[in-house]
Amino acid sequence: MNLSRSLLRPSPAGGQHGLLHLVDSCRAAAHLPTLRAVHARLLLLQHLPSSAVARVKLIQAYAACSALPAARAVLTSSPDRTTVFFNVLLRALTAASLHREALLLFASMRLQGPSCSPDHYTYPLALKSCAASGSLRLGVQIHASIARLGLDANLFVAHSVISMYARCGRPNDAYQVFDEMQHRDVVSWNAMISGFAHAGLFQRAVVIFREFVGLQCTQPDAGTMASVLPAMGNAKAEDITFVREVFDKMRFRGLISWNAMLSIYAINGLHVKAVELFVRMEKDWVEPDRMTLATVLPCCGQVSAFSLGKHIHEIIKRKRMCPNMLLENALMDMYANCGCLKDAREVFDAMSLRDVVSWTSIISAYGVRGHGTEAINLFENMLGQGLEPDSIAFVAVLAACSHAGFLDVGKRYFDCMTSRYQITPKAEHYTCMVDLLGRAGCISEAYDFILAMPIKPNERVWGALLGACRIHSNMDIGLLAADSLFRMVPDQTGYYVLLSNIYARAGRWADVTSVRSVMASKGIKKLPGASNVEIGDQVHTFHVGDRSHPQSEMIYKKLEELLGRIRGMGYNPGVEGTLHDVEEEEKEGHLSVHSEKLAIAFVLINTSPGTPIRITMNLRTCSDCHHAAKLISAITDREIILKDINRFHHIVQGVCSCGDYW
DNA sequence: ATAGGGTTAG
């Protein structure tokens, strides 16, 4: 490396300046061997005793090389010690998250005499460590010293006091400091916004954000956007719109602002908005970084924006951003959710390092398709690598067991999770277990399981039971589940439909009608089924009986042809239909124009033979469409990947990965 | 020669 070469030929100008420059280069390059050599030379030439600057630079450089003991040794061996040495070392310790050690060093300054008294550089660092380690008592003491010295007029100091109080769980004390400030700049507001956000007072964070914007004295900056972000989970639509307006009005929009805006959309489930904003970002020639892409990729997955996802993968390759676990995990997630298990697996196999998130991602990809054995093999493989499964990894493997109907294995994992790994089951785990038991036909066991839960069963838990009751036609327990659900979420259409399906299966048409009239009286409408498919980078949406598509005529002709061909193979719309679809208008004729079928016909017309058909829909698919899709996949020799509201159906040559069990 | 607010997955 050329650092060492220049060391051999030090600049003729007497050395010290050249050597100090070399120290800075070692700091930038984090090159410890050269740094040691330069240090030795400085010692040899006796530059160190006279030059405080040289010693400060050495401390910084050693810290940059993660050689903290060496950094500390420079301070210890200094004949004259001043505050700045401590500040630089404190900075190194806080940057390395060594907050305990930072606070010990801070405390030791008092013993060093007046030349080492903490100053307006020291306090922000010490308070940062208090905030990070939750040391409220020490923080309060430090605040008192600051006030005694009158240092609270310094903005840097005041902001760190605000931040310390907020992060130590005292948002009101933080606000008092903020409120009493004589002068404020943009960071003062950012500190308070982020303070409320980190203290969990999301609404107050948003209110003060709005107040700041309303003042119009100082422009919000990227820090403002990033500060409000953690307060925007589950945000109100009007707040999101407001932040977007602020974002649009910013005179300078840097990458951090774009990333924060994308993130706000993503955490609120506004995946389409995030995708649109990303497209806008590309048009504006803003170069995305890893975080941008790691934020947008899951959104692509959620809306099955496969071509954009692939495009992002190309960006990642072009910029040589991999290997990078964050991105690889996000890519896997995107491919899996776009229905491309193979591509997800390729990313997984190519990874040089994998963490629990990577494994969980691929396990869940297999699991939601019904490939239970592979999901379990992967889970065991992960354990074999010595990785500790966490709560979410268990959700993935339990879900895999329930989708595949592996009753005993699932029960074993649940026990293993609590006993061996000491993980307290959450609602998601209970949902998986109820699903597992219920699907396997153990309905009363599932019901007892819910009653014995130590936490209050939520909507999804009861929903899983109701779903199982539909599969196994259990009306008694189905009614109990429905009753709980209607009390919890009286307006959720899907549960009424499930209940009426249960009645329909039992042939109790009067009850079917009464469920429908309850729905009508409450003004609840059945969510219209919609299927999305992507051709090129264009998304096409189909509804039941949709004739709005320009190719409508061709689509219906194709569908008729297909249905004609599969009828000879045992497809009989009437029989399946009465079992599952109770809406009058959907019987017979309308079953044949369900959105899934239209989408399949459309893709067959517009793609070359052999191209997989990927469909994303907003409901669970009906068994009539499922049956038809299987037969169509066989006669047209196409893979059909149907993403349903809660799982994937991967159909190859007439066989579905769900094993007809969903 | 040193300090404040801020974004990263399953």
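Order of the sequence lines sets the chain letters (A, B, ...), proteins ahead of strands, with each chain counted from 1.
One atom, CD1 of A:I162, and another, C1' of B:dG4, lie 9 Å apart when rounded to the nearest Å. Whole-Å rounding puts the A:M181 CE to B:dG5 P distance at 13 Å. Counting to the nearest Å, the C1' atom of B:dT8 and the CE atom of A:M321 are 12 Å from each other. Separating the CG atom of A:L293 from the C1' atom of B:dA9 is a distance of 13 Å, rounded to the nearest angstrom. In this structure, the NZ atom of A:K426 is 14 Å from the P atom of B:dG10, given to the nearest Å. Protein atom CG of A:D289 is 12 Å distant from nucleotide atom P of B:dT8, rounded to whole Å. With rounding to whole Å, A:F156 atom CZ is found 9 Å from B:dA3 atom P. Rounded to an integer number of Å, the gap from A:M250 CE to B:dT7 C1' is 13 Å.
Across all strands, A:N329 comes closer than 4.0 Å to base atoms (heavy-atom distances). Within 4.0 Å of A:S163, counting heavy atoms only, lie sugar-phosphate atoms of the nucleic acid but no base atom. If you check every strand for non-hydrogen atoms under 4.0 Å, A:L326 touches a base. Across all strands shown, A:D390 has heavy atoms under 4.0 Å from base atoms, whether or not it also approaches the sugar-phosphate. Using a 4.0 Å heavy-atom cutoff across all strands shown, A:V395 reaches no nucleic acid atom at all. No contact: A:M225 has no heavy atom under 4.0 Å from any strand.
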request  = For the pair A:R55 and A:D80, evaluate salt bridge (charged side-chain N to carboxylate O under 4.0 Å, His left out) and give the outcome as yes or no after the intermediate values.
outcome  = CA-CA 11 Å; A:R55 278 174 275 136; A:D80 58 322; 2.9 Å; yes

request  = Dump the intermediate steps for salt bridge (charged side-chain N to carboxylate O under 4.0 Å, His left out) on A:R354 and A:E328, then the final yes or no.
outcome  = CA-CA 9 Å; A:R354 303 183 188 97; A:E328 288 160 321; over 6 Å; no

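The base of B:dG10 sits with one of its N or O atoms less than 3.5 Å from a complementary donor or acceptor on the side chain of A:T360. Interface remark: the A:N190 side chain does not form any donor-acceptor pair with the B:dG4 base, using a distance-only criterion of under 3.5 Å.
The side chain of A:L125 has B:dA3 as its nearest neighbour among B:dG10, B:dA3, B:dT2. Ranking B:dA3, B:dA1, B:dT7 by closeness to the A:V53 side chain, first place goes to B:dA1. Side chain of A:Q60, nearest nucleotide from B:dT2, B:dA9, B:dG5: B:dT2. Residue A:M291 places its side chain closer to B:dT7 than to any other of B:dG4, B:dT7, B:dA3. Of the listed nucleotides (B:dA9, B:dA3, B:dG4), B:dG4 has the atom at the smallest distance from the side chain of A:S160. Counting only heavy atoms from C-beta on, A:K57 has its side chain closest to B:dA1 among B:dA1, B:dG10, B:dG5. Checking B:dA9, B:dA3, B:dT7 against every side-chain atom of A:A226, the shortest atom distance belongs to B:dT7. Here the nucleotide nearest the side chain of A:V357, chosen from B:dG10, B:dT7, B:dA1, is B:dG10. Ranking B:dG10, B:dG5, B:dA1 by closeness to the A:A191 side chain, first place goes to B:dG5.
Ion pair A:R210/A:D239 flagged as a salt bridge, since at least one NZ, NE, NH1 or NH2 atom sits closer than 4.0 Å to an Asp/Glu carboxylate oxygen. Salt bridge annotation for A:R204-A:E211: absent, with no cationic side-chain nitrogen under 4.0 angstrom from a carboxylate oxygen.
Phosphate contact (OP1/OP2 of B:dG4, side-chain N/O of A:K128, threshold under 4.0 Å): present. In this model, the phosphate group of B:dA3 is approached by a side-chain N or O of A:R91 to a distance below 4.0 Å at OP1 or OP2.
Checked by atom type and distance alone, the side chain of A:S78 never pairs as donor or acceptor with a backbone atom of A:R81 at under 3.5 Å.
A:I162 and A:A174 get closest at one heavy-atom pair: O-CB, 3.4 Å.
A:Y413 and A:F379 have their aromatic ring centers within a separation under 6.0 angstrom.
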